[in-house]
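Below is one structure; the comments refer to it alone.
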Amino acid sequence: MLKHNFSAGPCVLPQEVFQKAAQAVLNFNDLSILEISHRSKDFVAVMEKAQQLALEHLGLENKGYKALFLGGGASMQFLMVAYNLMENKAAYLNTGTWSAKAIKEAKMFGEVIEVASSANENYNHIPKGYVIPEDVDYFHFQTNNTIFGTQIQYTPDVSVPLVCDMSSDIFSRKRDFAKYDLIYAGAQKNMGPAGTTLIVVKEDILGQVSRQIPSMLDYRVHISKDSMFNTPPVFPIYVSMLTLEWLKDNGGVEAIESLNNKKASLIYNEIDRNELFQGFVTDKEDRSAMNATFVLKDESMAPQFDQLWKDAGINGLNGHRSVGGYRASMYNALSLESVETLVQVMQEFEQKA
Ligand SMILES: *Cc1c(COP(=O)(O)O)cnc(C)c1O
């Protein structure tokens with residue numbers, strides 16, 4: 001196996017999670033996890049544990065929130081959010097490809113006010129000084145822009161419901177999560193394998209729109225059935241539960257945040273120091289601790305650099321096609337050693353050039 005997986009998603013997960021998951025495929029209380037009924041008490045316990053751990057890691061237990069594990073990916077939430085929450089209009093911050101996709105879906109349900117956008121600069125920074133109207137049904141934004149490598153470090157102060165796509169930085173750092181009314185995240189960036197999406201929603205914001213909502217798209221239906229309205233993605237939920245347990249065993253969000261900060265400063269220090277590279281994000285305060293994007297100043301040197309990192313056992317370093325260059329995704333399960341290896345490769349490349 002390759003040693004250092006910097007892939008943007010699906011992403012690196014802890015080895016011990018793979019081992020437990022593999023074991024459960026072979027034997028999970030005398031059946032395979034792949035063949036047990038989702039209504040069996042063994043799986044109901046998995047679902048409850050996953051929901052409880054998700055709320056616990058966010059500090060949202062006993063605060064009126066429900067955790068759901070649904071199918072459909074984070075992209076499904078782009079429309080479910082608007083379906084369930086938008087009566088007339090909603091405000092969106094446009095900070096990247098995923099914002100634009102969320103905005104496109106929301107426009108089918110009402111008026112979208114784009115409070116600010118960095119699209120004209122290829123999303124190389126987070127817009128500043130925007131104003132969120134007070135007469136909207138909710139405000140939606142992304143904390144971390146996986147493709148461009150920007151991250152919003154603060155929680156916007158709003159008087160309207162706050163809705164957030166945290167797909168690529170959930171459980172990576174502390175935030176004041178109680179300020180949020182609905183948080184969603186596709187599992188495959190920082191929580192588990194592809195196939196399930198976590199939704200954490202404050203129940204009292206639901207049921208306020210006048211339209212009819214199809215059952216499968218109605219949060220209240222899923223809440224009333226405890227994420228078992230239809231067959232849930234059993235295995236991705238099980239692996240997510242294992243990853244959330246691993247996080248707890250390793251000190252929780254607070255401990256992982258300090259490790260993530262160490263990894264981020266290692267790579268950004270090297271990007272800034274090394275003459276051959278340049279960071280993609282223009283405002284340093286907007287740099288993502290999860291996805292570091294950078295380019296070679298001289299792109300003709302790419303073949304030599306690519307050979308070096310591949311030889312070092314590094315995978316998934318190519319940037320997204322809309323940015324080019326490189327992207328080092330440093331999700332929770334990526335070790336400090338992997339980032340140290342990448343930094344060494346960048347230094348060796350500089351010496352050889
Ligand atoms: C990957 C990603 C998505 C899309 O997730 P899917 O589960 O593939 O639908 C949405 N938002 C963000 C921020 C992402 O990184």
Side-chain angles (χ1 to χ4, degrees), residues 5-13 54 68-83 92-106 117-119 122-127 139-153 155-156 162-173 175 177 180 182-201 216-217 222 227 232-233 235-237 239-240 243 260 280-281 286-293 316 318-323 327-334:
N5 188 6
F6 285 86
S7 185
C11 73
V12 59
L13 290 172
L68 299 171
F69 283 90
L70 305 182
S75 300
M76 179 72 100
Q77 296 310 308
F78 297 162
L79 68 109
M80 268 179 88
V81 159
Y83 225 135
Y92 279 69
L93 180 64
N94 186 356
T95 55
T97 308
W98 299 115
S99 308
K101 289 190 172 178
I103 289 167
K104 177 171 180 251
E105 300 303 306
S117 169
S118 47
N122 200 23
Y123 298 117
N124 63 11
H125 67 284
I126 302 286
F139 174 63
H140 177 284
F141 76 110
Q142 265 86 5
T143 40
N144 188 68
N145 298 285
T146 327
I147 292 176
F148 301 93
T150 58
Q151 188 173 31
I152 294 187
Q153 314 298 349
T155 293
L162 189 56
V163 178
C164 190
D165 174 1
M166 295 193 188
S167 290
S168 52
D169 70 355
I170 194 153
F171 305 127
S172 73
R173 56 174 287 169
R175 282 184 189 272
F177 297 106
Y180 294 79
L182 192 152
I183 295 166
Y184 62 92
Q188 71 275 17
K189 305 283 169 42
N190 218 3
M191 184 174 57
T196 189
T197 302
L198 170 68
I199 296 106
V200 173
V201 57
M216 273 295 283
L217 300 178
H222 290 292
S227 273
F235 191 61
I237 293 169
V239 181
S240 297
T243 311
N260 287 336
F280 172 75
V281 176
D286 298 339
R287 283 173 158 179
S288 166
M290 291 282 98
N291 315 92
T293 45
N318 285 322
H320 189 272
R321 60 191 177 279
S322 52
V323 176
R327 169 172 52 171
S329 296
M330 302 172 289
Y331 299 115
N332 286 351
L334 187 88

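Ligands are counted one by one from 1 in listed order, and the atoms in each one are counted from 1 as well.
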What is the distance from atom OG1 of T95 to atom OH of Y123, rounded to the nearest 0.5 Å? 7.5 Å

Answer yes if the side chains of T146 and N291 hold a donor-acceptor pair under 3.5 Å, and no otherwise. no

Holding to salt bridge (Lys or Arg N to Asp or Glu O under 4.0 Å), I want the full list of residues that pass it with D169, two or more places apart in sequence or in another chain. R175

Of all the atoms in ligand 1, which lie at a distance below 4.0 Å from a heavy atom belonging to S167? 10 (C), 11 (N), 12 (C), 13 (C), 14 (C)

Nitrogen or oxygen of A74 less than 3.5 angstrom from that of ligand 1: yes

Does ligand 1 have an atom that lies less than 4.0 angstrom from a heavy atom of T197? no

Heavy-atom pairs closer than 4.0 Å: do any link ligand 1 to the side chain of N144, the backbone, both, or neither? backbone

Going by the atom numbers of ligand 1, which of them fall below 4.0 Å from some non-hydrogen atom of Q188? 5 (O), 6 (P), 7 (O), 8 (O)

Which atoms of ligand 1 have any heavy atom of G73 under 4.0 Å away? 7 (O), 9 (O)

Judged by modelled atom types alone, do S168 and N144 share a side-chain donor-acceptor pair under 3.5 Å? yes

Atom 1 (C) of ligand 1: closest protein heavy atom, distance to 0.1 Å, is K189 NZ, 1.6 Å

Give, for atom OG1 of T143 and atom CG of D165, the distance between the pair rounded to the nearest 0.5 Å. 7.0 Å

Structural part of F78 in contact with ligand 1, heavy atom criterion under 4.0 angstrom: side chain

Nearest-contact summary for atom 9 (O) of ligand 1 - protein heavy atom, Å: S75 OG, 2.6 Å

